[in-house]
Peer 1: 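Can you keep this structure in mind? I'll have questions shortly.
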Amino acid sequence: MKCSKSDRCFTELVAKMDELEARVHNLRVSRQVLLGLVEKLQREKLELLDKLELENKKLKKDNIQYAKRILEKNRQIFNLTKKG
């Protein structure tokens, strides 16, 4: 940056500094937005995991009950065929 007058050099430096400060500000805002999105995604992920775990427990419980009913029906069928 060659300047013929010191005032012009100073003005250019101030303008460049203002530009860089604006870029830094924009980067900080972008970083805050991204961090907010990451936190939101993490919360949503945890909520989904909790929901899936509860659903999995319910399905396991239902499966056990279903297996018990089938076993009981098989016993009934066996007892009926044994009598006949």
Side-chain angles (χ1 to χ4, degrees):
M1 176 184 327
K2 294 183 180 180
C3 300
S4 58
K5 295 185 179 178
S6 64
D7 287 345
R8 190 169 135 216
C9 280
F10 179 75
T11 303
E12 289 176 8
L13 287 173
V14 168
K16 184 67 173 174
M17 189 171 72
D18 289 344
E19 176 190 337
L20 291 173
E21 285 175 350
R23 288 174 65 187
V24 166
H25 174 74
N26 289 337
L27 288 171
R28 285 184 181 143
V29 169
S30 296
R31 181 178 181 271
Q32 289 173 350
V33 168
L34 288 173
L35 287 174
L37 289 172
V38 167
E39 289 173 2
K40 180 183 176 194
L41 287 173
Q42 287 175 337
R43 281 192 308 271
E44 289 174 355
K45 176 183 160 187
L46 289 175
E47 288 173 7
L48 180 60
L49 283 174
D50 287 344
K51 179 183 173 187
L52 291 173
E53 285 176 2
L54 286 174
E55 185 177 353
N56 193 31
K57 285 179 184 180
K58 181 190 179 303
L59 290 172
K60 283 182 179 181
K61 179 183 170 188
D62 291 348
N63 192 34
I64 290 169
Q65 291 174 349
Y66 180 67
K68 286 179 181 179
R69 284 195 308 269
I70 289 175
L71 184 60
E72 182 57 32
K73 292 295 179 185
N74 284 341
R75 283 187 187 135
Q76 289 174 359
I77 292 169
F78 176 77
N79 288 336
L80 287 173
T81 56
K82 193 168 98 171
K83 289 180 183 178

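Residues take their numbers from the sequence shown, with the count starting at 1.
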Peer 1: Tell me which one of E39, E44, R43, K45 satisfies side-chain contact (heavy atoms from CB on, under 4.5 Å) with L41.
Peer 2: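 Checked E39, E44, R43, K45 against L41; only one passes side-chain contact (heavy atoms from CB on, under 4.5 Å): E44.
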Peer 1: Say you draw a straight line from CD of Q76 to CG of L71; how long is it, rounded to the nearest 0.5 Å?
Peer 2: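 One finds 10.5 Å between CD of Q76 and CG of L71.
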Peer 1: Just wondering, do E72 and K68 contact through their side chains at under 4.5 Å, heavy atoms?
Peer 2: no
Peer 1: Rounded to the nearest 0.5 Å, what's the gap from CG on N74 to CD1 on I70? Could you check?
Peer 2: 7.5 Å
Peer 1: If you round to the nearest 0.5 Å, how far is CG of N56 from CG of N63?
Peer 2: 10.5 Å
Peer 1: Is any side-chain heavy atom of E53 closer than 4.5 Å to one of D50?
Peer 2: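 Yes. Closest side-chain heavy atoms under 4.5 Å.
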Peer 1: Quick one, K51 with E55, criterion salt bridge (charged side-chain N to carboxylate O under 4.0 Å, His left out). Give me CA distance, side-chain angles, the key distance, then yes/no.
Peer 2: CA-CA 6 Å; K51 179 183 173 187; E55 185 177 353; 5.9 Å; no
Peer 1: What distance separates K83 NZ from F78 CZ, expressed to the nearest 0.5 Å?
Peer 2: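 With rounding to 0.5 Å, NZ (K83) is 12.0 Å from CZ (F78).
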Peer 1: Is the shortest heavy-atom distance from the side chain of Q65 to the side chain of K61 under 4.5 Å?
Peer 2: yes
Peer 1: Rounded to the nearest 0.5 Å, what's the gap from CG on L34 to CG on L27? Could you check?
Peer 2: 10.5 Å
Peer 1: Could you grab the distance from atom OG of S30 to atom NE2 of H25, nearest 0.5 Å is fine?
Peer 2: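 Reported to 0.5 Å precision, the distance equals 9.5 Å.
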